[in-house]
There are 2 protein chains.
Amino acid sequence: MPAKRRDQREQEVATSERLLDTAERLFAEFGFDGVGMRALADEAGVNLGATTYHYGSKEKLYVETFMRRFRPTNAARLEMLQRAEKLAEGRPLAVETIVECMLRPPFMTVLKYPNFPGLLARNLFMPPAFLRAELEKEQGMALQIFAVALAKALPQLDPQILQLRLIFGGGSLLMVAGQMTRLGLRESPTHCEATLGALIQFISAGLRAESPTIPGLELPKFTAPRSRRH
Amino acid sequence: MPAKRRDQREQEVATSERLLDTAERLFAEFGFDGVGMRALADEAGVNLGATTYHYGSKEKLYVETFMRRFRPTNAARLEMLQRAEKLAEGRPLAVETIVECMLRPPFMTVLKYPNFPGLLARNLFMPPAFLRAELEKEQGMALQIFAVALAKALPQLDPQILQLRLIFGGGSLLMVAGQMTRLGLRESPTHCEATLGALIQFISAGLRAESPTIPGLELPKFTAPRSRRH
DNA sequence: CTCAATTTCATACGAACGTATGAATTGAGG
DNA sequence: CCTCAATTCATACGTTCGTATGAAATTGAG
């Protein structure tokens, strides 16, 4: 069973990669339902049939388009946290350090792949039904790990409040990611770094805010997908 | 020129309203491109032609669906701020007060109309091209006014940083709005109020964070729409 | 050179899309 | 009762949708 045949002499990048790159750009801008397979194939310069041949269906292509960036980014966050913890040798990590571990990898991904922010915002805010499962699997554990690390850094903070504040912070990250191009953060790495720093400051301060035991707050499990259509 | 004829004896709500309500639900869940006019008309129990008759086009219906909620919500924010300022009689407002004026009206709208969060998240994060103009017009001024009020409450804060942090806070609001149903905040006003309180705390603390003069940060005007397709 | 697997390509299918059209239906005013 | 504007409704238009099909072309191994 032969695998990849086409050599690299005439073709700069393989068809499947070209499809993924184009899908990243178009899906990020117009969303799943806003992009047709024909437009996608045309922009990628490949035949329409190549889409089903390489990815089976539009939904699978969409999932793979997102996961190709999301998976390594998420892995990098965990690695960065582990490295920080190893470096600390038992001493508790600063909140800023943990937050930076959460934010820097996505920021770097966003800086490297200009169309990723759109995907990120779309899929984390209002994920299509067919993406929910794989998404939950990938990010659920990471979120849990960071919640534990932060709980260690903020022992006096109610875990429920912490979970809520993590959601708040995630919203901030998504917002700035989604508007990155609009903010002109792509032209200069300096701006980007400065913005990342400001975001770390903002979220860390929010996490540290003293919480006067809000009564009656009782958060559910944060699972429970819903879906209709598709 | 007669206007509304059909009396209210047999029809609970008018056709145009039924269309808006259904549009709110479906657009919130599936987005503009994810909803067909036929499905919309069917779920609303009206004829397909009624959609073009009452709203002219799908885009106009979409804009009106969103603006019907967004306009009064935004107005309420400004009114609440004005009331607070009048009540303060010249004394500077607390950051928490200003932030509450920004957050409470949307929260109330979200509590009253369960499908509004979806619209809000979709349209503020990744607004369709045809909505950008009307959106900018509606929220641009409000954001400016709140930025001024906050600058007065935080005189030592760099305005650039403030603007950035406002974006962060907006992300937090959108995130929690978009996940409101998922978080189970709809069943109990107590949870909702508690979450609102936690969000006010979080954002206020983030706004207050001391900013060690991040060098090289230079934010652009925050305008510049892009668009292709449609 | 041959062969078989891999990849490309043109084409076609039925369904759904947004919108336009004009005929029925409705109901208050003359 | 008749009129007429407002509204509803059935139907049809051209287009685009996602996917399937099978023949052509390409490729590396033997």
Side-chain angles (χ1 to χ4, degrees), chain A residues 1-23 26-27 29-66 128-131 228-230, chain B residues 1-23 26-27 29-66 128-131 228-230:
Chain A
M1 51 309 241
K4 46 195 66 171
R5 292 286 188 76
R6 177 178 280 276
D7 61 355
Q8 284 84 343
R9 276 170 307 193
E10 296 204 358
Q11 194 116 10
E12 209 56 41
V13 292
T15 298
S16 60
E17 303 254 338
R18 213 128 37 89
L19 269 174
L20 274 185
D21 293 341
T22 308
L26 295 184
F27 281 144
E29 187 144 21
F30 306 108
F32 178 78
D33 292 309
V35 180
M37 297 304 284
R38 275 163 252 265
L40 210 159
D42 286 355
E43 291 243 3
V46 307
N47 187 272
L48 174 59
T51 61
T52 47
Y53 175 75
H54 286 282
Y55 296 100
S57 74
K58 187 185 182 184
E59 297 194 352
K60 286 180 194 155
L61 170 60
Y62 187 83
V63 171
E64 183 51 29
T65 300
F66 178 59
F130 58 86
L131 186 63
R228 294 188 325 159
R229 254 176 110 90
H230 291 297
Chain B
M1 51 306 230
K4 47 195 65 170
R5 290 286 188 74
R6 176 177 280 277
D7 61 356
Q8 284 84 343
R9 277 171 305 194
E10 296 202 1
Q11 195 116 8
E12 209 56 42
V13 292
T15 298
S16 61
E17 303 254 338
R18 212 128 38 88
L19 269 174
L20 274 184
D21 293 341
T22 307
L26 295 185
F27 282 145
E29 187 145 22
F30 305 109
F32 179 77
D33 292 310
V35 180
M37 296 305 282
R38 274 161 252 266
L40 210 160
D42 286 355
E43 291 244 1
V46 308
N47 186 272
L48 174 60
T51 61
T52 47
Y53 176 76
H54 285 282
Y55 296 100
S57 75
K58 188 185 182 183
E59 296 194 352
K60 285 180 194 157
L61 170 60
Y62 186 84
V63 170
E64 183 51 30
T65 300
F66 178 59
F130 57 86
L131 186 63
R228 294 188 324 160
R229 258 174 108 90
H230 291 297

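Scope of the values below: all heavy atoms of this structure, side chains included, with no hydrogens, waters or symmetry mates. Being a predicted model, the structure only gives us computed values, none of them experimental.
Proximity note for B/Leu48 (side chain, C-beta onward) versus C/dT6, C/dT19, C/dA12: the nearest is C/dT19. Each of D/dT8, D/dT19, D/dC9 was ranked by its minimum atom distance to the side chain of B/Thr15; first place goes to D/dT8. Considering only side-chain atoms of B/Lys58, the nucleotide from D/dT19, C/dG18, D/dT8 that sits closest is C/dG18.
Rounded to whole Å, atom C1' of C/dG18 lies 7 Å from atom CZ of B/Arg38. Whole-Å rounding puts the B/Phe30 CZ to C/dC17 P distance at 12 Å. Going from atom OH of B/Tyr62 over to atom C1' of C/dC17 covers 18 Å, rounded to whole Å. Taking atom CG of residue B/Leu19 and atom C1' of nucleotide D/dT7, one finds them 13 Å apart after rounding to whole Å. Nucleotide D/dC9 holds its P atom 12 Å from the CG atom of B/Asp42, rounded to whole Å. Between the CG atom of B/Leu61 and the C1' atom of C/dG18 there is a distance of 12 Å, rounded to whole Å. Whole-Å rounding puts the B/Phe32 CZ to C/dC17 P distance at 12 Å. Atom pair A/Met37:CE and D/dT19:P shows a separation of 6 Å (rounding to whole Å applied).
Taking 4.5 Å as the limit, every side-chain heavy atom of B/Asp33 sits out of range of all side-chain heavy atoms of A/Val35. The closest side-chain heavy-atom distance from A/Leu61 to A/Leu20 is below 4.5 Å. B/Lys58 is not listed as a side-chain neighbour of B/Thr52, based on a closest heavy-atom distance of 4.5 Å or more.
Here the shortest heavy-atom pairing between A/Leu19 and A/Ala50 reads CD1-O, 3.9 Å. Shortest non-hydrogen contact noted between B/Thr51 and B/Leu48 is OG1-O, 2.7 Å.
Across all strands, A/Ser57 comes closer than 4.0 Å only to sugar-phosphate atoms, never to a base (heavy-atom distances).
For B/Asn47, a side-chain nitrogen or oxygen approaches OP1 or OP2 of D/dA10 to under 4.0 Å. The side chain of B/His54 places no N or O atom within less than 4.0 Å of a non-bridging phosphate oxygen (OP1 or OP2) of D/dA6.
With the end axes of the helix from C/dC1-D/dG30 to C/dA28-D/dT3 each set by five pairs, the angle from one to the other reads 10° at 10° resolution.
Residues A/Phe130 and A/Phe32 place their aromatic rings such that the two centres sit under 6.0 Å apart.
Distance alone, capped at 3.5 Å, is enough to place a donor-acceptor pair between the A/Tyr55 side chain and the A/Ser16 backbone.
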